[in-house]
Amino acid sequence: MATEVPQLEGCCSPLTATVLDEQGAVELAEALKVLADPARLRLLSLVAAAESGEACACDLVEPIGRSQPTVSHHLSVLVDAGFLEREKRGRWAWYRLNRDRVRSLGALLQV
């Protein structure tokens with residue numbers, strides 16, 4: 001089941017600047033739903049904290065303490081939502097944080 005990518009860029013002003021319209025609220029809620037899972041937040045954090053700026057899926061299973069298929073599912077949800085970028089190298093996938101996407105969400109939540 002693919003997660004539809006919420007399009008936050010330019011969708012709405014910071015929450016404190018104006019009242020969200022229905023579409024803006026739906027888009028923001030979809031993005032927040034993606035991040036509302038502890039495993040996904042930890043994966044996002046692990047990738048963001050990687051010294052090289054990227055992390056191999058093979059190195060993300062053990063720290064999360066979930067099965068490889070479960071970790072792959074969560075990584076796919078983060079990629080589909082635009083929070084991570086994926087690059088296949090041989091049999092492994094490597095992940096990088098999409099900083100623009102994370103910044104755009106952060107800008108919406110600024111007070």
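In this chain, residues are counted from 1 in sequence order.
- The side chain to side chain donor-acceptor pair (under 3.5 Å) test applied to R91 returns no partner, not counting sequence neighbours.
- In this structure, R101 forms a cation-pi arrangement with F83, its terminal cationic atom sitting closer than 6.0 Å to the ring centre and no more than 45° off the ring axis.
- Contact detail for R99 and A48: the closest heavy-atom pair is NH2-O, 4.1 Å.
- L35 and L78 make their closest contact through CD2-CD2, 4.0 Å (heavy atoms, listed as atom of the first residue, atom of the second, distance).
- Within the 4.5 Å cutoff, side-chain heavy atoms of L32 are placed close to those of L105.
- Of all the heavy atoms in P63 and L46, the pair that sits closest is CB-CD1, 3.9 Å.
- Side-chain heavy atoms closer than 4.5 Å link hydrophobic residues (I, L, V, M, F, W, Y) into clusters, and following such links, even through other members, never connects L97 to W94.
- At least one side-chain heavy atom of T70 sits less than 4.5 Å from a side-chain heavy atom of S67.
- Heavy-atom minimum distance, L84 versus Y95: CD1-CD2, 4.2 Å.
- Atom CG of L60 and atom OG of S72 lie 9.5 Å apart (nearest 0.5 Å).
- The environment of E87 atom CD is dense: over 12 non-hydrogen atoms of other residues, nucleotides or ligands sit within 6.0 angstrom.
- Here the CH2-SG distance, from W92 to C58, works out to 5.0 Å after rounding to the nearest 0.5 Å.
- Under a 3.5 Å cut-off, the side chain of N98 and the backbone N or O of G82 do form a donor-acceptor pair.
- For residues 44-63, the pairs satisfying side-chain hydrogen bond (donor to acceptor under 3.5 Å, both in side chains) are E54-R89, with sequence neighbours left out.
- Here CG of L75 is found 8.5 Å from CD1 of I64. Values are rounded to the nearest 0.5 Å.
- The stretch residues 33-42 participates, sequence neighbours left out, in these side-chain hydrogen bond (donor to acceptor under 3.5 Å, both in side chains) pairs: E30-K33, R40-H74.
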